Every structure is written in structure tokens, then in C-alpha cells.
Amino acid sequence: GENVEQHPSTLSVQEGDSAVIKCTYSDSASNYFPWYKQELGKRPQLIIDIRSNVGEKKDQRIAVTLNKTAKHFSLHITETQPEDSAVYFCAASKSGYSTLTFGKGTMLLVSP
Amino acid sequence: GAVVSQHPSWVICKSGTSVKIECRSLDFQATTMFWYRQFPKQSLMLMATSNEGSKATYEQGVEKDKFLINHASLTLSTLTVTSAHPEDSSFYICSVATNEKLFFGSGTQLSVL
């Protein structure tokens, strides 16, 4: 089955800095890569996603890049703010949402 | 995105009792819902896929007789943790999919004493 590795497990940055979280996947057939943000005790929220026919997608301060050859994708957050502090999960699937495999998560802490 | 309501948000129960968790899709009819389990500081693990009008599909290693799933309508799926034990303590969270995206309920924190 699919295996998703996520790094780093924790990331501390100063407000205004950029943050990058990286994930690798094992199944070359995977074609859908969402990112979720989860605040403590709350539901994961979809923040951005990318499909394999696109190399990069951006939404304001958040961007995701995908390298199919290397089988890795990354989340980039620019101009970080304290409210960006949360756990971020990457995921991958090859047949839609029903087979999503999640990474282990990255705890991002943005200090004022 | 989809609006998913999950109840209760937290529950404390004695060992040996059963606990029912409800997941409702509020703004569209969901023929399929998904149940995940999340241990502290760990990732989301799919437990089962709930199918309206038919039996749920369980992931490997998940006991179907312990985690009973009922999806009796297009807007409601329930997960019953039967004869709960302390090791069942976890964050249980349901999800629905629309427009090929997955949206989560608010989760239920189960603590078994």
C-alpha cells in the first residue's frame, strides 16, 4: 500500500518567516495530494490540495509543489503568523479521497 | 465544502460500557462516510468506510464486532464502540467527501476509565 513520510515532525519559526513541510510518497500511481491543518482538539481542515497534472498551486500565503519524478510534495507558508500554529498533515491517494494515506503530521509553532 | 456534524464532542465512560458516536452530513446526502481514529500526537488512521444501506468496509486490523457502524440514512452514520476498554481511548473523527474532497467532523474524544 501507500506510505507517506512527512518531515519535520516539529517546526518552530519566527513570525514573518517562511515554513516548509515536506512529504514523500511511495506509490507512483498516487494522483491526489491534500494538506490539512488541525488545531488542538479540532477537526482537520483542508487548506490546499494538488493533483498530479499540476506542478504547483498557490493560494495567498500557502503554496504546494509536487515533483512526481521524485515522488515528493511540499507545503510552503510565507509570512507566517501566530495563528498558523497547528499540526499540518499531508496525504496522498491514487483513487480519490477514499484511499487517503496521511503523513504523521508536523507541529508548526510560530512565535510572535 | 461539506458541513459535517459529530456528536458528542467528548465522552467519558466506564470500562465495559458501549458508546455511540453520531456523524451527520448537514448540507448534502452522503452515500459514503469514513471513520478515522487519531491517537495523541499521531496521524489519522482510517478505520472503516460506512456505506449507506449496506455493510461497512473495515480496514485491516479493525475489529468489526467491536466498532459497529450503521449508516441507515444518507445523512447519518453511527459508530458504536462496544465493551469499551481503556485502550480504546482515542479521538474518533468522521468524514464525508464531496467534489472529490474530504471534509471532517469535529471529532469525539473518548476516554474509557
Side-chain angles (χ1 to χ4, degrees), chain A residues 1-11 21 23-26 30-54 57 59 64 75 85-109, chain B residues 1-11 21 23-26 28 30-52 56-61 71 77 90-111:
Chain A
E2 175 68 275
N3 181 48
V4 178
E5 298 285 341
Q6 184 171 347
H7 299 279
S9 57
T10 58
L11 178 60
I21 302 171
C23 288
T24 61
Y25 59 99
S26 61
S30 289
N31 56 18
Y32 176 60
F33 308 92
W35 286 88
Y36 287 85
K37 174 184 179 182
Q38 186 179 29
E39 298 177 12
L40 185 63
K42 296 187 177 181
R43 75 186 78 197
Q45 299 268 18
L46 177 67
I47 56 171
I48 196 168
D49 58 6
I50 192 169
R51 298 187 183 276
S52 59
N53 59 343
V54 176
K57 184 176 180 181
D59 182 4
V64 57
L75 178 71
S85 297
V87 177
Y88 291 81
F89 291 97
C90 64
S93 91
K94 61 181 178 181
S95 55
Y97 47 84
S98 63
T99 60
L100 277 175
T101 299
F102 287 85
K104 291 188 175 181
T106 296
M107 179 176 289
L108 173 65
L109 177 62
Chain B
V3 180
V4 185
S5 173
Q6 189 171 339
H7 179 81
S9 56
W10 58 270
V11 59
I21 303 169
C23 179
R24 294 181 184 276
S25 174
L26 300 182
F28 85 110
T31 56
T32 303
M33 295 186 182
F34 305 94
W35 286 96
Y36 287 82
R37 183 173 181 176
Q38 186 178 31
F39 289 107
K41 298 184 179 180
Q42 294 193 23
S43 191
L44 296 147
M45 299 299 296
L46 180 65
M47 297 176 64
T49 302
S50 172
N51 303 298
E52 187 270 335
T57 303
Y58 290 82
E59 295 300 301
Q60 189 174 9
H71 194 154
S77 175
S90 186
F91 189 61
Y92 294 87
I93 188 164
C94 68
S95 66
V96 300
T98 181
N99 295 328
E100 298 186 338
K101 298 180 188 294
L102 199 63
F103 297 92
F104 289 91
S106 52
T108 297
Q109 182 64 51
L110 170 63
S111 296

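All values reported here derive from a predicted model rather than from experimental measurement. In what follows, every heavy atom counts, from backbone to side chain, and hydrogens, waters and symmetry copies are set aside. Each chain gets a letter, A, B and so on, in the order its sequence line appears, and its residues count up from 1.
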Check your understanding: Taking B/Ser43 for the side chain and A/Gly105 for the main chain, is one N or O donor matched with an acceptor at less than 3.5 Å?
Key ->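 Looks like no, no N/O pair under 3.5 Å.
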Point to revise | A/Lys42 atom NZ, neighbour heavy-atom count above 12 within 6.0 Å | key: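 Open.
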Practice item. State whether the number of non-hydrogen atoms from other residues, nucleotides or ligands found under 6.0 Å of B/Leu26 atom CG is greater than 12. Key: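 Count over threshold, so yes.
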Check your understanding: Closest heavy-atom contact between B/Leu102 and A/Leu46?
Key ->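 It is O-CB, 4.5 Å.
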By a 4.5 Å heavy-atom criterion (distance strictly below it), what part of [X] contacts chain A: side chain, backbone, both, or neither?
X	answer
B/Gln109	neither
B/Ile93	side chain
B/Gln6	neither

**Study point:** Residue pair B/Gln42, A/Phe102: steps toward the side-chain contact (heavy atoms from CB on, under 4.5 Å) verdict
**Key:** CA-CA 10 Å; B/Gln42 294 193 23; A/Phe102 287 85; over 6 Å; no
**Study point:** Partners passing salt bridge (Lys or Arg N to Asp or Glu O under 4.0 Å) against A/Arg43 (at least two apart in sequence or in another chain)
**Key:**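 Per chain and number, A/Arg43 pairs via salt bridge (Lys or Arg N to Asp or Glu O under 4.0 Å) with no residue.
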Check your understanding: In terms of heavy-atom proximity below 4.5 Å to chain B, should A/Gln38 be classed as side chain, backbone, both, or neither?
Key ->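 The side chain, not the backbone.
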Check your understanding: What part of A/Pro34 is in contact with chain B, defined as an atom under 4.5 angstrom from a non-hydrogen atom: side chain, backbone, both or neither?
Key ->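 Looking at A/Pro34, nothing touches chain B.
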Check your understanding: If you round to the nearest 0.5 Å, how far is OG1 of A/Thr10 from NZ of B/Lys41?
Key ->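 The NZ atom of B/Lys41 sits 10.0 Å away from the OG1 atom of A/Thr10.
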Exercise for review: Flag the one option from A/Gly103, A/Ser9, A/Ala91 with the top tally of heavy-atom pairs under 4.5 Å to chain B.
Suggested key: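 Sorted descending by pairs with chain B, the first entry is A/Gly103.
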